[in-house]
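Down below is the structure, laid out as structure tokens.
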Amino acid sequence: MTTARLLKNWTTGQLDTTMIDLKAHIRTVPDWPVPGVQFRDITPLLQDPQVFRALIDAFVSRYREPSLRPDVVAGIDARGFILGAVVAYELQVGFVPIRKKGKLPFTTVEEIYELEYGSATVELHVDAVHPGQRVLLIDDLIATGGTMMAGKNLLEQLGATVIEGAAIVDLPELGGSDKLKAAGLALFTLVDYAGH
Ligand code: AMP
């Protein structure tokens with residue numbers, strides 16, 4: 001474990017977990033899944049028990065604050081499930097999955113969003129959240145912001161309020177985090193990478 005301080009947006013500042021170098025545990029895989037993409041692979045972060053705990057604690061300590069405590073955590077398919085489920089468990093609130101089209105068995109609401117080439121659809125069970133509930137939305141990474149925006153829209157379709165979007169990684173040069181903030185979504189991310 002290194003001592004470089006790479007966490008940003010750290011507001012509470014009371015945990016030693018701020019001293020873990022998360023970037024040292026994120027693997028960059030060039031040209032995957034397509035040429036030109038620098039894939040930021042978070043699996044090494046999950047694999048190391050101390051780093052995984054520190055990562056989860058960074059989110060949990062923030063969302064334990066009464067003003068930020070959610071009623072529900074929503075995780076985005078698929079790495080958002082890993083993070084979101086553990087954070088929800090620690091906060092003692094429920095977890096709901098936002099899934100790619102065709103995976104959820106019950107009645108859903110859906111949101112179509114644009115990708116670089118073509119479009120994608122995400123779905124949420126109609127009874128996943130209730131009007132007025134405060135939801136924390138989690139994914140592993142924000143690139144163009146389309147996925148998180150679609151998640152926000154789905155939750156709002158059901159009358160919930162998304163209190164914050166959280167992710168490990170932000171790629172600010174792709175403009176997604178600015179777009180989400182401009183749409184009124186507060187964000188909490190832990191590390192940035194330049195470029196894409
Ligand atoms: P976007 O909708 O463009 O913000 O893309 C975010 C979603 O795509 C997240 O669910 C990420 O897991 C995935 N993603 C996009 N770009 C990358 C990348 N460079 N490395 C890892 N995951 C990525």
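Please read all numbers here as calculations on a predicted model, not as lab measurements. When a ligand or atom number is given, it counts from 1 through the structure's own listing order.
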Contact check, side chains of L55 and L22, non-hydrogen atoms, under 4.5 Å: yes

Could an N or O of ligand 1 be found under 3.5 Å from any N or O of Y113, whether backbone or side chain? no

Among all the protein's non-hydrogen atoms, which is closest to atom 19 (N) of ligand 1, and how far away is it? Q38 O, 3.0 Å

Heavy-atom neighbours of F39 CZ exceed 12 at 6.0 Å: yes

To check your reading of the model: name the closest protein heavy atom to atom 20 (N) of ligand 1, its residue, and the distance in Å. R40 N, 2.9 Å

Is I82 close to L46 at the side-chain level, that is, under 4.5 Å between some pair of heavy atoms? yes

Any N or O on D140 sitting closer than 3.5 Å to an N or O of ligand 1? yes

Heavy atom to atom 5 (O) of ligand 1, shortest distance: which of A78, A143, G80 holds it? A143

Considering non-hydrogen atoms of the protein only, which is the closest contact for atom 3 (O) of ligand 1, and what is the distance? T144 OG1, 2.5 Å

For atom 10 (O) of ligand 1, which protein heavy atom lies nearest, and how many Å away is it? D139 OD2, 2.7 Å

Could a heavy atom of I76 be found less than 4.0 Å from some atom of ligand 1? no

Counting only N and O atoms by type, is there a donor-acceptor contact under 3.5 Å from the side chain of E123 to the main-chain atoms of G102? yes

Test of understanding: given a 4.0 Å heavy-atom threshold, classify the contact between T147 and ligand 1 as side chain, backbone, both, or neither. both

Decide, yes or no, whether a salt bridge links K152 with E156 under the criterion of side-chain N to carboxylate O below 4.0 Å. yes

Can you list the steps and then say if I142 with L187 is a side chain to side chain contact (heavy atoms under 4.5 Å, CB included)? CA-CA 10 Å; I142 298 169; L187 295 178; 4.1 Å; yes

Tell me which protein heavy atom sits closest to atom 6 (C) of ligand 1, plus the residue, atom name and distance to 0.1 Å. L141 O, 3.5 Å

Is any side-chain heavy atom of V96 closer than 4.5 Å to one of V73? no

Within 4.0 Å of atom 8 (O) of ligand 1 (strictly less), any protein heavy atom? no

Please test L115 against T144 for side chain to side chain contact (heavy atoms under 4.5 Å, CB included), starting from the C-alpha separation and ending with a verdict. CA-CA 9 Å; L115 299 172; T144 66; over 6 Å; no

Please determine, by modelled atom types, if Y63 and E164 share a side-chain donor-acceptor pair under 3.5 angstrom. yes

Tell me which protein heavy atom sits closest to atom 21 (C) of ligand 1, plus the residue, atom name and distance to 0.1 Å. F39 CE1, 3.3 Å

At a 4.0 Å cut-off, with the gap strictly under it, does some heavy atom of G145 reach an atom of ligand 1? yes

Ligand 1 contact on R79 by region, counting heavy-atom pairs under 4.0 Å: side chain

